[in-house]
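Numbering starts at 1 and runs along the sequence shown. The figures that follow rest on heavy atoms only: side chains count, while hydrogens, waters and symmetry mates do not. Both counts, for ligands and for their atoms, begin at 1 and track the order of listing.
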Amino acid sequence: MVYPTTVKTYLERAASHPNAAARKLLEIMDRKKTNLCVSVDVTTSAEVLEVVRNVAPAVCMVKTHIDIISDFTPALTEELAKLADEFDFVIFEDRKFADIGNTVALQYSSGVHKIADWSHITNAHPLPGPGIISGLGTVGKPKGRALLLLAEMSSKGNLATGEYTKTAVQMARDAGRDWVVGFIAMGRVDAEGDPEGKEDFLILTPGVGLVAKGDKLGQQYRTPREVVYDSGCDVIIVGRGIYGVQGGREAVLAEAEKYREEGWKAYEERLTRA
Ligand code: S5P
């Protein structure tokens, strides 16, 4: 069976989305013809900005791990925000919150990183229960931000399977799509319980590579086509497969373009799938 959400265009889905950050993302995807998110997992401010400037034309989203930056100052996130406006992409801080509501609200709003001030979208493990969603919501909702739950993971042997995944989806349903806009997942975890595709959650999927099949630490890769066409996911997240290529600035953009094209082709094909 074809899950109805996967045969709707990103723009159609934007029109009816209640969350401002999700709407912005879907509109950008349509405008720039890209479902590619580049994961910028490098460890200095200069490297982050260099990778972002290189790939910016090809992406709808840039994903950060702000806590791996060794020389972090707020100037970095100010510059990222400027680039996001200039090149038309959203910022996803991949913080993977995993504590009680009160603590995550502090981690999201405070400290040196002040994530809620600059990151359009962030994510959380459902492990602590619904309090994590409400805690983050006290900070993010008034700012028009969006939250994703990790319903599945790409790494070998992970525990986010079966009942855990189902409960994660239920937690998102209970919270409402105006705040929890979707999932980190490997496929359409939302299809069961919504056969007509009325909810329209976003599925963002890491573990994407055109060449490598995995790394030495349990990461597992699938191709953009497997992720977008076969599994019906919405955004492909690519890290080392893009910023890790040799050959400097042009090679990195060329690689990003390759992923963008593959991801977009798979999306267009799935729209017309019978
Ligand atoms: O299950 C997951 C969830 C995430 S968000 N598996 C992942 O790999 N990620 C993130 O995606 C991970 O933290 C990293 O930033 C990125 C994948 O990087 P790559 O270099 O393997 O493409």
### Query
Heavy-atom contacts under 4.0 Å between Gln219 and ligand 1: side chain, backbone, both, or neither?
side chain
### Arg240: numbered ligand 1 atoms lying under 4.0 Å from its heavy atoms
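Counting from 1, the qualifying ligand atoms are 19 (P), 20 (O), 21 (O), 22 (O).
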## Note on the structure
Per-atom filter on ligand 1: closer than 4.0 angstrom to a heavy atom of Met153 are 1 (O), 2 (C)
Starting from [atom], find the nearest protein heavy-atom neighbour and note its residue, name and distance.
| atom | answer |
| --- | --- |
| atom 22 (O) of ligand 1 | Gly239 N, 2.9 Å |
| atom 3 (C) of ligand 1 | Pro206 CG, 3.4 Å |
| atom 19 (P) of ligand 1 | Tyr221 OH, 3.5 Å |
| atom 13 (O) of ligand 1 | His65 NE2, 3.0 Å |
| atom 18 (O) of ligand 1 | Asp41 OD2, 3.9 Å |
| atom 1 (O) of ligand 1 | Ser154 N, 2.8 Å |

Looking only at the side chains, is there a donor atom on one of [X] and [Y] sitting less than 3.5 Å from an acceptor on the other?
| X | Y | result |
| --- | --- | --- |
| Gln170 | Thr167 | no |
| Tyr243 | Asn54 | no |
| Ser45 | Asp71 | yes |
| Arg222 | Ser231 | yes |
| Asp94 | Asn123 | yes |

### Task
Measure the distances from the heavy atoms of Ser39 to every atom of ligand 1 and state whether one is below 4.0 angstrom.
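So Ser39 counts as touching ligand 1.
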### Message
For His113, run the ring pair (Phe, Tyr, Trp, His ring centres under 6.0 Å) check against Trp118, Tyr108, Phe72 and tell me which one passes.
### Response
Phe72
### Message
Between ligand 1 and Tyr243, is the shortest N or O to N or O distance under 3.5 Å?
### Response
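No, Tyr243 has no N/O under 3.5 Å of an N/O on ligand 1.
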### Query
Looking at Arg177, Arg188, Arg173, which hits salt bridge (charged side-chain N to carboxylate O under 4.0 Å, His left out) with Glu199?
Arg173
### Query
For the residue pair Tyr267 and Tyr229, is the inter-centroid distance of their aromatic rings smaller than 6.0 Å?
no
